[in-house]
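Owing to the predicted nature of the structure, the values given are computational and were not obtained by experimental measurement. Along the sequence shown, residues are numbered consecutively beginning with 1.
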Amino acid sequence: MSISDVQFKNNWYNVFDENNKKSASVPATAGELMGIGTDFFVLKKNNWYITFDDRGKKIADLSCTYGDFKNATGNSFNLVKGNWLTSFDKHCKKTGTRPAR
């Protein structure tokens with residue numbers, strides 16, 4: 001299922017599907033919203049990026065030592081460290097690295 005939006009309200013992140021119906025809620029204590037992909041979203045808590053699915057279930061986590069969050073789009077998210085941009089999938093597996101411009 002696709003995610004159309006994640007909205008913050010009353011200390012919860014509400015996840016909406018492609019039909020604009022709420023599919024899940026995740027407490028704000030889970031972290032700060034960083035970005036939304038097609039079927040996942042990324043929260044940051046302490047020194048970890050955590051990916052969640054459209055039902056609000058944790059998929060995986062990745063240490064922030066891999067870089068600063070840049071964006072999430074489609075089925076990946078990107079981190080920047082120094083002069084390099086590294087892409088990861090929703091399972092936090094590295095899918096590519098290229099020079100950051």
Side-chain angles (χ1 to χ4, degrees):
M1 196 184 285
S2 295
I3 295 175
S4 66
D5 198 9
V6 177
Q7 299 176 1
F8 182 76
K9 186 175 181 182
N10 298 325
N11 291 317
W12 289 86
Y13 292 109
N14 295 308
V15 183
F16 294 88
D17 66 17
E18 67 271 7
N19 296 318
N20 231 11
K21 294 188 181 192
K22 187 163 76 169
S23 61
S25 293
V26 175
T29 56
E32 175 187 359
L33 180 64
M34 302 303 290
I36 304 166
T38 303
D39 61 352
F40 73 101
F41 61 99
V42 183
L43 300 181
K44 179 181 179 184
K45 184 168 184 177
N46 300 323
N47 290 317
W48 295 92
Y49 298 114
I50 308 162
T51 57
F52 292 84
D53 68 14
D54 60 328
R55 297 286 179 207
K57 282 188 64 177
K58 178 182 171 182
I59 300 170
D61 55 41
L62 180 71
S63 170
C64 290
T65 60
Y66 284 91
D68 296 322
F69 192 88
K70 179 160 177 71
N71 62 11
T73 184
N75 56 13
S76 65
F77 65 97
N78 299 302
L79 305 180
V80 175
K81 186 170 187 177
N83 293 325
W84 296 96
L85 182 132
T86 305
S87 297
F88 296 86
D89 68 14
K90 65 184 176 183
H91 301 285
C92 297
K93 301 292 183 197
K94 185 165 96 171
T95 59
T97 301
R98 66 175 176 86
R101 298 175 199 233

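In this structure, F40 and V42 approach most closely via the heavy-atom pair CE1-CG2, 3.6 Å. Between L43 and M34, the closest heavy-atom pair is C-CG, 4.1 Å. When every heavy atom of G67 is checked against every heavy atom of K81, the shortest pair comes out as CA-CB, 3.9 Å. Taking all atoms of both residues into account, the shortest heavy-atom contact from T51 to F77 is CG2-CE2, 3.8 Å. Residues G31 and K45 approach most closely at CA-CB, 4.0 Å, considering heavy atoms. Contact detail for I3 and D39: the closest heavy-atom pair is CD1-C, 3.8 Å.
Looking at Y49, its side chain never comes within 3.5 Å of a backbone N or O of C92 through a donor-acceptor pair. Looking at S23, its side chain does come within 3.5 Å of a backbone N or O of D54 through a donor-acceptor pair. With K90 contributing its side chain and N75 its backbone, the two residues share no donor-acceptor pair below 3.5 Å. Under a 3.5 Å cut-off, the side chain of S76 and the backbone N or O of D89 do not form any donor-acceptor pair. A donor-acceptor pair is defined here as one N or O able to donate and one able to accept, closer than 3.5 Å; no such pair exists between the side chain of N19 and the backbone of K21. Proximity of a side-chain donor or acceptor of Y66 to a complementary backbone N or O of L79 within less than 3.5 Å is not detected.
With rounding to the nearest 0.5 Å, the separation of SG in C64 from CH2 in W48 is 8.5 Å. The CG atom of D17 lies 8.5 Å from the OG atom of S2; values are rounded to the nearest 0.5 Å. Going from atom CD1 of I50 over to atom CD1 of I59 covers 11.5 Å, rounded to the nearest 0.5 Å. Remark: D68 CG to N78 CG distance equals 12.5 Å, nearest 0.5 Å.
Residues S87 and T95 meet the side-chain proximity criterion, which asks for heavy atoms closer than 4.5 Å. K94 has its side chain within reach of T86: a pair of non-hydrogen atoms, C-beta onward, lies under 4.5 Å apart. You'll find the side chain of F52 stays beyond 4.5 Å of the side chain of V15, heavy atoms only. Using a 4.5 Å heavy-atom cutoff, the side chains of F8 and L33 are not in contact.
One hydrophobic cluster holds both F69 and L62 under the rule that ILVMFWY side chains link at heavy-atom gaps under 4.5 Å.
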